[in-house]
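Each remark here refers to the structure printed beneath this line.
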Amino acid sequence: MERIAVSVAEAAEMLGMCPKTVYQLTRRADFPAFKAGNRTVISVEGLQEWVRRQAMGEGAAV
């Protein structure tokens, strides 16, 4: 079964960024992160869409 959400550390690895930067991104309204209990998790599908929008220039620069 393919995962639909990942941790901040896993998202950072997917993006080639450090986890600290991804934690900062989680504060943005357009970033697909949410809280699950005490954990911050990131939707894989939402992350892919967010990256697409960034690449197309539809979002604020990172």
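Closest approach of Ala9 to Pro19, counting heavy atoms only: CA-CG, 4.5 Å. Nearest approach of Cys18 to Ala12, heavy atoms of both residues: C-CB, 3.9 Å. Taking every heavy atom of both residues into account, Gln54 and Asp30 meet most closely at NE2-OD2, 3.8 Å. Contact between Phe34 and Ser43 at its shortest, heavy atoms only, is CE2-N, 4.2 Å. Considering all non-hydrogen atoms of both residues, Ala11 and Leu47 come closest at CB-CD2, 4.1 Å.
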Pairs of donor and acceptor atoms involving the side chains of residues 35-42, under 3.5 Å and at least two apart or interchain, shall be tabulated with distances.
unit_1: Lys35; atom_1: NZ; unit_2: Asn38; atom_2: O; d: 3.3
unit_1: Lys35; atom_1: NZ; unit_2: Thr40; atom_2: OG1; d: 3.4

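Residues forming a side-chain contact (heavy atoms from CB on, under 4.5 Å) with Gln24 (at least two apart in sequence, or on another chain): Lys20, Arg27. With sequence neighbours left out, the side-chain contact (heavy atoms from CB on, under 4.5 Å) criterion links Glu13 to no other residue.
Using a 4.5 Å cut-off between side-chain heavy atoms of Ile, Leu, Val, Met, Phe, Trp and Tyr, Ile4 forms no hydrophobic cluster with any other residue.
Within the structure, the ring pair (Phe, Tyr, Trp, His ring centres under 6.0 Å) test picks out no pair touching residues 6-26 (sequence neighbours left out).
The shortest side-chain heavy-atom distance between Val22 and Met14 does not fall under the 4.5 Å cut-off.
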